[in-house]
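Single-structure report; data block below.
Computed from a predicted structure; not experimentally measured.
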Amino acid sequence: MIDERRDVALAIKSCLDSLLNDASRCDLDDLARFLGLAALAAEEAAVANDAKSAQLKALMSGGAGHC
């Protein structure tokens with residue numbers, strides 16, 4: 001169950017990162033800040049649900065997945 005929660009959090013983060021890039025590109029600064037915070041929360045949820053969080057941090061430093 002923890003692996004599933006981590007995977008869902010990573011998928012959500014990937015989508016939020018994509019939306020953040022779109023909002024930034026279109027000069028939607030308030031929306032971009034909100035999406036950045038939401039992406040950070042999704043990343044924290046993924047780390048909290050991963051027994052191997054050090055490996056996850058290495059994964060998060062790259063471009064994992066796409067929405």
Pairwise distance CG(N49) to CZ(R6) - rounded to 0.5 angstrom
9.0 Å
Which residues satisfy the side chain to side chain contact (heavy atoms under 4.5 Å, CB included) test with L19, sequence neighbours excluded?
L35
Which atom pair, heavy atoms only, marks the closest approach of K13 to A39?
CG-O, 3.7 Å
Can you list the residues that meet the salt bridge (charged side-chain N to carboxylate O under 4.0 Å, His left out) rule with D30, with sequence neighbours excluded?
R33
Test item: S14 side-chain N/O and L10 main-chain N/O as donor-acceptor pair under 3.5 Å
no
For A42 versus A9, what's the shortest heavy-atom pair and its separation?
O-CB, 3.6 Å
Listed partners of D22 passing salt bridge (charged side-chain N to carboxylate O under 4.0 Å, His left out), at least two apart
R25
Would you give the length of the straight line joining atom CD1 of I12 to atom CG of D7, rounded to the nearest 0.5 angstrom?
11.0 Å
Residues A32 and L20: closest non-hydrogen pair is O-CD1, 2.9 Å
Straight-line distance of E43 CD to L16 CG, nearest 0.5 Å
11.5 Å
